[in-house]
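This report refers to the structure that appears directly beneath it.
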Amino acid sequence: PIMKIPAFYLSTLAAFFGMLGALLLAMPAYPGWGFGAFLVSNLGWLTVSAWQRQWPLHVQHWVFLACSLLGLWNWWLSPLLLG
């Protein structure tokens with residue numbers, strides 16, 4: 001009950017960043033930014049799915065979070081740190 005309103009706003013924000021991530025990833029100039037947007041989306045969905053005890057969705061977003069971190073490593077951190 002008390003989590004319904006924050007869950008609605010957080011899930012809306014998570015959905016927005018998920019759509020933004022897909023759009024940015026589809027654009028050749030901004031793939032790294034897409035993974036950053038996905039990271040925000042994943043964190044939002046992990047929080048909402050835990051609040052609502054939607055465990056299949058929760059597990060799915062742990063996998064998506066790992067993919068987002070791998071994408072950020074490949075497109076941003078690795079080139080920055082390793083040249």
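Just so it is clear, the structure is predicted and the values come from calculations on it, not from any experiment.
Placement of Leu46 and Leu10 in two distinct hydrophobic clusters is found when ILVMFWY residues are connected by side-chain heavy-atom separations under 4.5 Å, directly or transitively. One hydrophobic cluster, built from ILVMFWY side chains closer than 4.5 Å, holds both Phe16 and Val40. Cluster annotation: Tyr30 and Trp76 are assigned to distinct hydrophobic clusters (Ile/Leu/Val/Met/Phe/Trp/Tyr, side-chain heavy-atom contacts under 4.5 Å, transitive). Trp75 and Trp33 fall into different hydrophobic clusters, where Ile, Leu, Val, Met, Phe, Trp and Tyr are joined by side-chain heavy atoms under 4.5 Å apart, directly or via other members. No continuous path of ILVMFWY side-chain contacts below 4.5 Å connects Phe35 to Phe17, so the two sit in separate hydrophobic clusters.
Residues Ser41 and Phe64 fail the side-chain proximity criterion, which asks for heavy atoms closer than 4.5 Å. Contact of the Trp45 side chain with the Ser11 side chain is registered, since non-hydrogen atoms from C-beta on lie closer than 4.5 Å.
From Thr47, atom OG1 reaches atom NE2 of His61 across 11.0 Å, with rounding to the nearest 0.5 Å. Atom-to-atom distance recorded for Gln54:CD and Ser49:OG is 7.0 Å, nearest 0.5 angstrom. Between the CG atom in Leu20 and the CZ atom in Phe38 there is a gap of 9.0 Å [rounded to 0.5 Å]. Here the straight-line distance linking atom CG of Leu70 with atom CG of Leu77 works out to 11.0 Å at 0.5 Å rounding.
Taking both residues in full, the closest heavy atoms of Ala7 and Gln52 are given as CB-NE2, 3.7 Å, listed atom of the first, atom of the second, then distance. Closest heavy-atom contact between Asn42 and Leu65: OD1-CA, 3.4 Å.
Within a 6.0 Å sphere centred on CH2 of Trp73, heavy atoms belonging to other residues, nucleotides or ligands number more than 12.
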